[in-house]
Amino acid sequence: MPAPLLGESESCNAAPQPVSPLVADTPPPLPDVCAKIYNRINAFLDEKTDSQRLKNLQEQTRISLDVISQALDRYSLSELSLSYNGGKDCLVLLILYLYGLHAKGLTRPTPNNVHSSHHEPIQCVYIQSQHPFQEVEDFVASSASIYSLSLDHYAKPMKAAFADYLHDKPSVKAIFVGTRRTDPHGAALTHFDPTDHGWPKFMRIHPVIDWHYVEIWTFIRHLQIPYCVLYDHGYTSLGGTTDTLPNPALLRDPTLAQNGDRNGAGTLKYRPAYELVEDEEERLGRDR
């Protein structure tokens with residue numbers, strides 16, 4: 001049976017929407033971007049709503065912001081990094097992280113550059129798929145520009161990529177990761193977990209570990225956060241071009257697939273990712 005789709009009464013647009021996108025194509029300096037993020041999230045947290053979904057999301061957001069605040073108390077910016085690949089989960093994590101930086105006053109100019117826009121870098125690591133989508137590459141590059149990310153790229157398996165990254169950035173002691181409970185190997189994780197035996201040593205920080213799929217999309221759409229265009233074409237979990245397809249649960253006309261009508265790139269039409277509801281069906285478009 002296909003996944004239930006968001007009806008009009010349950011759509012992410014049911015609650016009041018901000019009147020403008022969170023960030024512009026030509027963004028202002030990072031401190032201004034972070035201030036806007038801070039104000040918009042605070043406005044969301046202050047909203048009075050009858051929607052249980054939004055109430056749950058407000059609580060999840062507060063928990064995640066507290067985890068990020070704890071991390072910023074434990075580690076300096078030079079000791080922190082964020083794993084970013086342009087996907088929806090790490091995008092939400094990035095926005096929450098930038099809120100946390102503003103809340104702690106960490107996006108202000110550095111002491112030696114008080115009369116300029118210079119600030120400590122927002123360290124990020126991008127572990128690329130062996131066969132990346134160009135749309136993902138473009139969105140990651142756009143994110144790096146919009147959010148002033150100091151982004152290091154590694155096109156190799158995850159363990160080797162993290163080993164190389166920590167060799168290149170020896171000050172890094174903890175990395176924010178956008179893993180959620182329903183992701184592979186996510187079931188037993190907590191907010192703070194050292195890496196497993198045999199892996200490069202660092203603290204994994206999981207602020208969005210307990211978010212549900214629908215909460216990720218409600219947050220993105222309610223705050224009008226720009227996201228990768230692949231999600232508008234039925235992709236719900238992004239890997240590489242060889243192991244990722246649009247989610248069959250979002251197929252607009254399932255009879256076409258049943259009849260084997262797969263000729264032509266435009267034959268099968270899919271609903272956007274934010275219309276999926278069930279966590280368990282998120283990875284139906286992934287081969288592994």
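Hydrogens, waters and symmetry mates play no part in the numbers below; they use all other heavy atoms, side chains included.
- Although no hydrogens or angles enter the test, the distance criterion places no donor-acceptor pair under 3.5 Å between the side chain of His206 and the main chain of Thr179.
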Notebook entry, point to check: When you look at Thr49 and Phe44, which way does the side chain to side chain contact (heavy atoms under 4.5 Å, CB included) test go after all the steps?
Noted result: CA-CA 10 Å; Thr49 178; Phe44 163 63; over 6 Å; no
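- In plain terms, the two heavy atoms of Glu47 and Gln58 that are nearest each other are O-NE2, 3.1 Å.
- For the side-chain hydrogen bond (donor to acceptor under 3.5 Å, both in side chains) test, residues two or more places apart in sequence or in another chain that qualify with Lys104 are Ser69, Asp73.
- Contact between Leu250 and Leu276 at its shortest, heavy atoms only, is CD2-N, 3.9 Å.
- A salt bridge links Asp152 and Lys169; the closest N-O separation between the charged side-chain nitrogens and carboxylate oxygens is under 4.0 Å.
- No side-chain heavy atom of Trp211 sits under 4.5 Å from any side-chain heavy atom of Thr218.
- For the side chain to side chain contact (heavy atoms under 4.5 Å, CB included) with Phe176, the lone residue among Leu93, Val208, Val67 that qualifies is Leu93.
- A centroid separation of less than 6.0 Å is found between the aromatic rings of Tyr99 and Tyr38.
- His233 has its ring centre no less than 6.0 Å from the ring centre of Tyr270.
- Although no hydrogens or angles enter the test, the distance criterion places a donor-acceptor pair under 3.5 Å between the side chain of Arg40 and the main chain of Leu223.
- When side chains are defined from C-beta on, Thr241 does not count as touching Pro132, because their heavy atoms never get closer than 4.5 Å.
- Taken from CG in Asp89 to OH in Tyr84, the straight-line distance is 11.0 Å, to the nearest 0.5 Å.
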Next item on the list: Verify side chain to side chain contact (heavy atoms under 4.5 Å, CB included) between Leu80 and Ile205, making sure each step is shown before the conclusion.
Entry: CA-CA 10 Å; Leu80 285 167; Ile205 308 173; 3.9 Å; yes
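- Taking CG of Leu45 as the reference point, atom CG of Leu65 lies at 6.5 Å (rounded to 0.5 Å).
- Rounding to the nearest 0.5 Å gives a distance of 12.0 Å between CG of Leu30 and CD1 of Ile146.
- In this structure, Trp199 shares a hydrophobic cluster with Val125, Ile127, Tyr154, Met158, Phe162, Tyr165, Leu166, Val172, Ile175, Val177, Phe202, the cluster being traced through Ile, Leu, Val, Met, Phe, Trp and Tyr side chains under 4.5 angstrom apart.
- Ionic pairing of Arg180 and Asp210 is not present here: no N-O contact between side-chain nitrogen and carboxylate oxygen is shorter than 4.0 angstrom.
- The CD1 atom of Ile122 sits 6.0 Å away from the CG atom of Leu77 when rounded to the nearest 0.5 Å.
- Considering all non-hydrogen atoms of both residues, Pro31 and His102 come closest at O-ND1, 4.3 Å.
- Across all their heavy atoms, Gly239 and Thr244 have their closest contact at N-OG1, 3.0 Å.
- Salt bridge annotation for Lys88-Glu282: present, with a cationic side-chain nitrogen under 4.0 angstrom from a carboxylate oxygen.
- Without hydrogens or angle criteria, Ser142 side chain to Asp138 main chain gives no donor-acceptor distance under 3.5 Å.
- With hydrogens and angles disregarded, no donor-acceptor distance shorter than 3.5 Å links the side chain of Arg62 to the backbone of Leu57.
- Of the possible donor and acceptor atoms, one in the side chain of Gln123 sits under 3.5 Å from a partner among the backbone N and O of Ser78.
- Residues passing the side-chain hydrogen bond (donor to acceptor under 3.5 Å, both in side chains) test with Arg74: none are found, sequence neighbours excluded.
- One distance of note links OG of Ser237 with CD of Glu281; it measures 13.5 Å at 0.5 Å rounding.
- Side-chain rings of Tyr274 and Tyr231 stay apart, their centers remaining 6.0 Å or farther from each other.
- With rounding to the nearest 0.5 angstrom, the OG1 atom of Thr107 is 8.5 Å from the CG atom of Leu98.
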Next item on the list: Please lay out, stage by stage, how Asn85 and Cys90 fare under the test side chain to side chain contact (heavy atoms under 4.5 Å, CB included).
Entry: CA-CA 7 Å; Asn85 64 4; Cys90 60; 3.0 Å; yes
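- Under the 4.5 Å side-chain heavy-atom criterion for ILVMFWY residues, no single connected hydrophobic cluster contains both Val214 and Ile209.
- Not a single donor-acceptor pair under 3.5 Å links the side chain of Arg252 to the backbone N or O of Lys269.
- Closest heavy-atom contact between Leu96 and Ile41: CD2-CD1, 4.2 Å.
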Next item on the list: For Gln60 and Asn56, run side-chain hydrogen bond (donor to acceptor under 3.5 Å, both in side chains): C-alpha distance rounded to whole Å, both residues' side-chain angles, the deciding distance at 0.1 Å, then the answer.
Entry: CA-CA 6 Å; Gln60 291 281 38; Asn56 292 343; over 6 Å; no
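- Note on Tyr75 and Leu149: same hydrophobic cluster, where clusters join Ile, Leu, Val, Met, Phe, Trp and Tyr whose side-chain heavy atoms are under 4.5 Å apart, directly or indirectly.
- Glu79 places a side-chain N or O within donor-acceptor distance of the main-chain N or O of Ser76, the cut-off being under 3.5 Å.
- A salt bridge is defined here as a Lys NZ or Arg NE, NH1 or NH2 lying under 4.0 Å from an Asp or Glu carboxylate O, and Asp196 with Arg204 meets this definition.
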Next item on the list: For the pair Asp66 and His191, evaluate side chain to side chain contact (heavy atoms under 4.5 Å, CB included) and give the outcome as yes or no after the intermediate values.
Entry: CA-CA 10 Å; Asp66 183 64; His191 288 134; over 6 Å; no
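- Arg283 contributes no side-chain N or O that, together with a main-chain N or O of Asp183, makes up a donor-acceptor pair within less than 3.5 Å.
- Annotation: Tyr235 is in aromatic contact with Phe133 [ring centroid separation under 6.0 Å].
- Remark: side-chain polar atoms of Asp279 are paired, donor with acceptor, to backbone N or O of Tyr213 under 3.5 angstrom.
- Side-chain atoms of Asp193 come within 3.5 Å of backbone atoms of Thr190 as a donor-acceptor pair (strictly under, hydrogens ignored).
- The shortest heavy-atom contact between Ile225 and Tyr147 is CG2-OH, 4.2 Å.
- When hydrophobic clusters are built by joining Ile, Leu, Val, Met, Phe, Trp and Tyr residues whose side-chain heavy atoms come closer than 4.5 Å, directly or via intermediates, Leu54 is not grouped with Ile63.
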